[in-house]
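Naming: A, B, ... by sequence-line order, numbering from 1 per chain.
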Amino acid sequence: MAKTITSKVFVVRDNIDTDQIIPAQYLALVPTIAEEYEKLGSYALIGLPDDQYPEKFVPEGTTKTPYQIIIAGRNFGCGSSREHAPIALGAAGVEAIVAESFARIFFRNSVATGELYPFDSPQRLCDIVKTGDEATLDLDNDRLTVNGTTYQLKPLGDVRPVIDAGGLFNYARKSGMIASAE
Amino acid sequence: MTLTEKILARASGKTHVRPGDNVWVNVDVLMTHDVCGPGTIGVFKREFGKNARIWDRKKVVIIPDHYIFTADAMSNRNVDILRDFANEQGIEYFYDVIDDPKGQWRFDTAKGNGQRQFGRNFSGVCHSTLAQKGHNRPGEILFGTDSHTCQSGAFNQFATGIGNTDAGFILGTGKLLIKVPETMRFLFDGALPRGVMAKDIILHLIGEIGFDGATYRAMQFEGPGVSSLSMDDRMTITNMAIEAGGKNGIFPCDQKTLDYVNARTAENGTKSTFEPAEIDADQSFIYDKTFDLSALEPTVACHPDPGVRKLAKELGHIALDRAYIGSCTGGKTSDFLAFAEVVRGKTVKIDTFGVPSTTLVLDELKATKWDGQSVWEILTSAGVRMTENPGCAACLGGPVDTFGRMNTPLKCISATNRNFPGRMGHKESQVFLASPYTVAASALTGKITDPREFLC
């Protein structure tokens, strides 16, 4: 099944840590409680410094972002192991992040929850692309097209079917690794 | 095989593993806390069913420590969610804030943080608790829903941080699929000179390889210099493996390790059998470098990430608003003793906050006397604001009423482990990471200061 995502992009730089994605003061929200999941989305990326990121990722008074694709530099998602981080982004409506590199636990949590597709990019796109640019992500061919240029991304490989299935448990059940819930 | 490879091979029932192999490992201990525990429990119930039982009630350790001494109602509720689950599942190791298993935890704002508000089962910061209560054992596999779980590698354990979904999977199955990391070896030679601490070693190493220099990798610490390091020193070092992106940090097991572990497991009645991983002759590394500990100097990681390395003596121009000592990394008894050595008989010049990592640290600080005065009194008479309520406190900001939290854009020097923007509260505040010695000397002068000026 062909899958593409077309959206405005939000561009961030290196070392966007989990405190900038979802500040610690909001971690009392429990992601498996539906209304608290929604609330987490409304706070996504609220920890970014205002002077460097004047554009609000989630507009005030709303719970969703107009940006379904994030473009990032090195080490996106570093810091804490809080799963609240990929969940807050997913709850806000993010579908994919294209980064120069990811921190390990964030990458793993993105796959395990199935919240978003974490693509590695050989190019440093955060220097080329601006927030608000329109992009199309072709998941089947691992390509991002923005401002008329197409960039080849590193293939997601084995993790793609896990995210497609909606995360680790759905995938494990589909492939018969664990039994269905009661 | 390297230490990490040996432990992963054994836990997955294989004779040999290589970096890049994906293996299912059997888990010896799963640790969770009040911030990620409720979500982990939610995943477990959603996926395995409302009446599901955990895989082993003696292998799950629940330690409320993050947002405890706060009036935030949701945070208080989260401790109650942990208690309900511990009761329902008969979990053996739950270090509850209160004594009543049917009670509810509510922080008493009238008492505030000046007076202790916890029962006899409470301990404090999860990683310190795992060590002190006999849950760290050589050669075992430990996962925790906290990135600083890598601290347990000080005990020759494979230990790493995971998210709620992976932890929920372990609760139901006792297993996890993981990739065998490549190993970087850091060989230590010599011994630390006066005024330089284990914290300076790890800050130096992170500066050396960069904030993501160990991403997806194991950091193995070896060499003749290791024998001079105490277990507290080793914990400080492995604790911060994650600040270089590391999957885990690990030390060999020696007599110091065995003495520490055997004493704690005996005292607390935890499992006392284990099989350490020994150093093999045929290890291969993706990085291998020797560091002379005797050449190190007091080191600081400057705002805005743990890889911005400078020497304390180069930073005298940076004026500070606040100093902080506490956390898994910097709130151990030995950390406070070092701090007290510097501030004893003097007065701090800036707001200085101290948070013992556990109740045991609190008790030891009150019981340790220097010339008839307790270390606790030495600290408070120097003007340090100490809380009697151990926990993570302002190391990670937390709810706005958290003790020591930066609610305005201040500059703070801290004995903690992480300094990305907003880590300790206000998103325009700045954090400089340093050893307890350096934090103490800087608290006395109000600017970043090399502690050797105060030590003879």
Side-chain angles (χ1 to χ4, degrees), chain A residues 14-20 23-33 36-37 39 46-52 74-76 78-87 100-115 158 167-170 172-173 177-182, chain B residues 22 34-36 38-43 45-52 66-67 72-75 77-78 81 144-149 160-166 168-169 172-173 211-212 215-216 242-243 245-247 304-305 307 396-400 402 418 420-423 425 427-428:
Chain A
D14 296 334
N15 281 332
I16 302 303
D17 82 308
T18 51
D19 270 304
Q20 294 174 75
Q25 69 199 91
Y26 304 116
L27 297 186
L29 295 163
V30 175
T32 47
I33 299 172
E36 296 181 26
Y37 173 89
K39 196 112 186 146
I46 203 170
L48 289 175
D50 297 325
D51 52 341
Q52 289 172 58
R74 266 167 73 187
N75 207 25
F76 186 89
C78 57
S80 150
S81 63
R82 64 186 72 150
E83 203 163 278
H84 306 67
I87 286 174
E100 202 180 347
S101 66
F102 288 91
R104 185 188 64 81
I105 306 177
F106 179 88
F107 185 92
R108 186 169 173 122
N109 286 343
S110 301
V111 176
T113 56
E115 286 285 349
D158 290 346
L168 175 68
F169 281 95
N170 288 349
R173 247 178 232 116
M177 281 156 63
I178 56 169
S180 300
E182 285 162 37
Chain B
N22 286 302
D34 56 294
V35 162
C36 294
T40 296
I41 294 164
V43 169
K45 299 232 165 204
R46 184 184 72 203
E47 302 293 344
F48 292 102
K50 280 197 173 63
N51 303 315
H66 274 58
Y67 303 165
D72 180 67
M74 271 182 157
S75 299
R77 171 206 68 179
N78 287 350
I81 292 176
T145 59
D146 189 286
S147 62
H148 295 106
T149 301
T160 193
I162 54 171
N164 299 352
T165 301
D166 281 338
F169 191 92
T173 66
F211 57 75
D212 58 356
T215 300
Y216 285 98
I242 182 66
E243 306 310 330
K247 185 168 196 159
D305 74 68
L396 80 161
V400 287
T402 300
R418 188 169 281 161
F420 293 112
R423 168 70 178 178
K427 66 181 181 179
E428 280 147 37

Asker: Taking A:Asn75 for the side chain and B:Asp212 for the main chain, is one N or O donor matched with an acceptor at less than 3.5 Å?
Answerer: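 Such a contact is absent between A:Asn75 side chain and B:Asp212 backbone.
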Asker: Within a strict 4.5 Å, meaning less than it, do heavy atoms of the B:Asp166 and A:Glu83 side chains meet?
Answerer: no
Asker: How many angstroms lie between CZ in A:Arg82 and OG1 in B:Thr145, if you round to the nearest 0.5 Å?
Answerer: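 So the gap between those two atoms works out to 12.0 Å.
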Asker: Against chain B, label A:Ile46 side chain, backbone, both or neither, depending on which of its atoms sit under 4.5 Å from a heavy atom there.
Answerer: backbone
Asker: Between A:Asp50 and B:Glu428, is there a side-chain heavy-atom distance shorter than 4.5 Å?
Answerer: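 A side-chain contact exists here, since the closest heavy-atom pair is under 4.5 Å.
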Asker: For each of B:Ile81, B:Val43, B:Asn22, tally heavy-atom pairs with chain A at distances under 4.5 Å, and name the one with the top tally.
Answerer: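 If we count pairs closer than 4.5 Å to chain A, B:Val43 comes out on top.
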Asker: Would you find a donor on one side and an acceptor on the other, under 3.5 Å apart, between the side chain of A:Asp19 and the backbone of B:Arg423?
Answerer: no
Asker: Are any of the side-chain heavy atoms of A:Thr32 and B:Lys45 separated by less than 4.5 Å?
Answerer: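 Contact flag for A:Thr32/B:Lys45 side chains = no.
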Asker: Between the main-chain N or O of B:Glu47 and the side-chain N or O of A:Arg173, is there a donor-acceptor pair closer than 3.5 Å?
Answerer: yes
Asker: Give, as side chain, backbone, both or neither, the part of B:Lys247 having an atom under 4.5 angstrom from any heavy atom of chain A.
Answerer: both
Asker: In terms of heavy-atom pairs under 4.5 Å with chain A, which of B:Pro399, B:Pro421, B:Gly245, B:Cys36 leads?
Answerer: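 Max contact count across the listed options: B:Pro421.
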Asker: Side chain, backbone, both or neither: which part of B:Tyr67 has an atom under 4.5 Å from a heavy atom of chain A?
Answerer: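 For B:Tyr67, the side chain is the part near chain A, not the backbone.
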Asker: Would you name the heavy atoms of A:Val30 and B:Pro38 that are closest together and state the gap between them?
Answerer: CG2-CB, 3.6 Å
Asker: Could you tell me which non-hydrogen atom of A:Gln25 sits nearest to which non-hydrogen atom of B:Gly398, and how far apart they are?
Answerer: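 In terms of heavy atoms, the two residues are closest at CB-O, 3.5 Å.
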Asker: With chain B as the partner, which of A:Ala103, A:Gly47, A:Ser101 has the greatest number of non-hydrogen pairs under 4.5 Å?
Answerer: A:Gly47
Asker: Work out which heavy atom in B:Gly161 is nearest to a heavy atom in A:Ser81; give both atom names and the distance.
Answerer: C-CB, 4.4 Å
Asker: Taking A:Ala85, A:Gly79, A:Pro86, A:Ala172 one by one, which has the highest count of heavy-atom pairs under 4.5 Å against chain B?
Answerer: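 The candidate making the most pairs under 4.5 Å is A:Gly79.
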Asker: Heavy-atom pairs under 4.5 Å with chain A: which of B:Ile242, B:Val400, B:Ile162 has the most?
Answerer: B:Ile162
Asker: For A:Phe102, is it the side chain, the backbone, both, or neither that has a heavy atom closer than 4.5 Å to a heavy atom of chain B?
Answerer: backbone
Asker: Name the region of A:Ile105, side chain, backbone, both or neither, that has any atom closer than 4.5 Å to a heavy atom of chain B.
Answerer: side chain
Asker: Identify which part of B:Leu396 has an atom lying under 4.5 Å from any heavy atom of chain A, answering side chain, backbone, both or neither.
Answerer: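 Contact with chain A: backbone and side chain both.
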Asker: In the structure I gave you, are the side-chain heavy atoms of B:Thr160 and A:Arg104 within less than 4.5 Å of one another anywhere?
Answerer: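 They are in side-chain contact.
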Asker: Does atom CG (A:Asp158) have a neighbourhood of more than 12 heavy atoms from anything else shown, all under 6.0 Å?
Answerer: no
Asker: Looking at B:Asp146, B:Thr402, B:Thr149, which makes the most heavy-atom pairs under 4.5 Å with chain A?
Answerer: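 Among B:Asp146, B:Thr402, B:Thr149, the one with the most close pairs to chain A is B:Asp146.
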Asker: What part of B:Asn164 gets closer than 4.5 Å to chain A, counting heavy atoms only: side chain, backbone, both or neither?
Answerer: both
Asker: If you count heavy-atom pairs under 4.5 Å between each of B:Gly42, B:Gly39, B:Gly163 and chain A, which one has the most?
Answerer: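 Option with the top pair count is B:Gly163.
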Asker: Answer whether the closest heavy-atom distance between the side chains of B:Thr165 and A:Asn109 falls below 4.5 Å.
Answerer: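 The answer is no; the side chains never approach within 4.5 Å.
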Asker: Could you tell me if the side chain of A:Cys78 sits less than 4.5 Å from the side chain of B:Phe211, heavy atoms only?
Answerer: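 They are not in side-chain contact.
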Asker: Calculate, to the nearest 0.5 Å, the distance between atoms CZ and OG1 belonging to B:Phe420 and A:Thr18 respectively.
Answerer: 8.0 Å
Asker: Just say parallel, tilted or perpendicular for the rings of A:Phe169 and B:Phe169, cut-offs at 30° and 60°.
Answerer: tilted
Asker: With respect to chain B, which residue among A:Leu48, A:Leu29, A:Asp14 yields the maximal number of heavy-atom pairs within a distance under 4.5 Å?
Answerer: A:Leu48
Asker: Measuring heavy-atom distances to chain A, does B:Thr215 have an atom under 4.5 Å in its side chain, in its backbone, in both, or in neither?
Answerer: side chain
